[in-house]
Number of protein chains: 2
Amino acid sequence: MPLRMTNQREIVLRELQKSKKHLTADELYVIVKKVMPRISLATVYRNLEILSETGLIGKLEISGRQKRFDYDPGEHDHIYCVICHRVDNLDIAHEDWTPEQLRNVAGYSITGYRLEILGICPDCQKKQKKKEKI
Amino acid sequence: MPLRMTNQREIVLRELQKSKKHLTADELYVIVKKVMPRISLATVYRNLEILSETGLIGKLEISGRQKRFDYDPGEHDHIYCVICHRVDNLDIAHEDWTPEQLRNVAGYSITGYRLEILGICPDCQKKQKKKEKI
DNA sequence: TTACATTTAGGATTAATTATCAAAAAGGTT
DNA sequence: AACCTTTTTGATAATTAATCCTAAATGTAA
């Protein structure tokens, strides 16, 4: 089951790439409608989800905010504005991270950071093992 | 204008602290209703927000998920399960962070991390300066 | 070019949270 | 305690973000 490249999917992808921004689904919806006026918002949502699963774009789930989609699927961190919620790429290697370095990137003034460690909790590990046995 | 400690506010705070968990507003609502059956969900939401602004509890805005509230307002990171979305405290200093150390904490198996640098973007800095002049 | 699984449009629906507003309660001040 | 001002509450409506539903349309492989 390969990825079927429909007209709408291609336009969603192309318009996001053209934007060079980190757009929300509804922001992109407005842009895409100019090219394909009859496209539905659900289609934009669906395709953004599919494209990010496929790895053609990136998905940004920012704390307490609307999801954004990244034209660049490559590995990199992000910086984001606590006032207007705009997101920018942080093209700086972890080794080089100093408050001064970061402060200069994209002209942001740094106010803090947020780190989430992701994993599978003990209970869910047990459940997974049970399933494996069946 | 000091924080007025109402009955409902006190119970919301006390029941969250008693739980020793990272609860969502609606989870806490169910608990609080047992003590104060006529309390409204909006009141629980409102007071959790106020209590976290005041610094009596912590607010966890986890990417793409429901907000959770932390009985412990102190500075510490969190680990969270990508399957059941449960959250646990990570009581381990940044200096001591190694994959092995983290793997042992709370029995999680680590799958990744998410880092967000927060700041004020150049445009918003300009706007702030304009306001200061007025 | 036919067959068929996938995808679409468009509206309906869900889930989480916030807003509204009249009535009630809190906390001074006499 | 009676009075007064401000804050808070409960109930519900509104909003926001995202997903679901179904018939119709479309892409792809043979």
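Listed for the B/Arg114 side chain is no donor-acceptor partner under 3.5 Å among the backbone atoms of A/Ile117. With A/Gln125 contributing its side chain and B/Gly107 its backbone, the two residues share a donor-acceptor pair below 3.5 Å. A donor-acceptor contact shorter than 3.5 Å links the side chain of B/Asn47 to the backbone of B/Thr43.
Between A/Gln66 and D/dA18 there is a side-chain N or O to OP1 or OP2 distance below 4.0 Å. Phosphate contact (OP1/OP2 of C/dT8, side-chain N/O of A/Arg46, threshold under 4.0 Å): present. The side chain of A/Asn7 places no N or O atom within less than 4.0 Å of a non-bridging phosphate oxygen (OP1 or OP2) of D/dA25. Between A/Arg38 and C/dT8 there is no side-chain N or O to OP1 or OP2 distance below 4.0 Å. Listed pair B/Tyr45 / C/dT18 fails the phosphate criterion, with no side-chain N or O lying under 4.0 Å from OP1 or OP2. Within the 4.0 Å cut-off from OP1 or OP2 of C/dT8, at least one side-chain nitrogen or oxygen of A/Thr6 is found. Between B/Arg4 and C/dA25, a side-chain N or O to OP1/OP2 separation shorter than 4.0 Å is absent. Remark: A/Lys67 is in phosphate contact with D/dT19, judged by side-chain N or O atoms under 4.0 Å from OP1 or OP2.
Straight-line distance from the CZ atom of A/Phe69 to the P atom of D/dA17: 13 Å, rounded to whole Å. Atoms CE (A/Met36) and C1' (D/dA25) sit 12 Å apart, rounded to a whole Å. In this structure, the CG atom of B/Asn47 is 9 Å from the P atom of D/dG10, given to the nearest Å. Rounded to whole Å, the distance from NZ on A/Lys33 to C1' on C/dA9 is 10 Å. Regarding A/Leu60, its CG atom lies at a distance of 12 Å from the P atom of D/dA18, rounded to whole Å. Look at CD on B/Glu49: it is 14 Å from P on D/dT9, rounded to the nearest Å.
Taking the side chain as every heavy atom from C-beta outward, A/Phe69 and A/Leu13 never approach each other to under 4.5 Å. Proximity of B/Leu90 to B/Tyr80: side-chain heavy atoms (C-beta onward) are nowhere separated by under 4.5 Å. Within the 4.5 Å cutoff, the side chain of A/Lys127 has no heavy atoms near those of the B/Ile83 side chain.
Checking D/dT19, D/dG10, C/dT7 against the side-chain heavy atoms of B/Ile39 singles out D/dG10 as nearest. Ranking C/dA9, D/dC20, D/dT12 by closeness to the B/Ala42 side chain, first place goes to D/dT12. Taking only side-chain atoms of B/Arg9, from C-beta outward, the nucleotide of C/dG11, C/dT18, D/dT8 with the closest atom is D/dT8.
Nearest approach of A/Ser40 to A/Tyr29, heavy atoms of both residues: C-CE1, 3.7 Å.
The residue among B/Gln8 and B/Leu41 whose nearest nucleotide of DNA chain C is located toward the 5' end is B/Leu41.
Near DNA chain D, meaning a heavy atom under 4.0 Å away, there are no residues from residues 19-26 of chain B.
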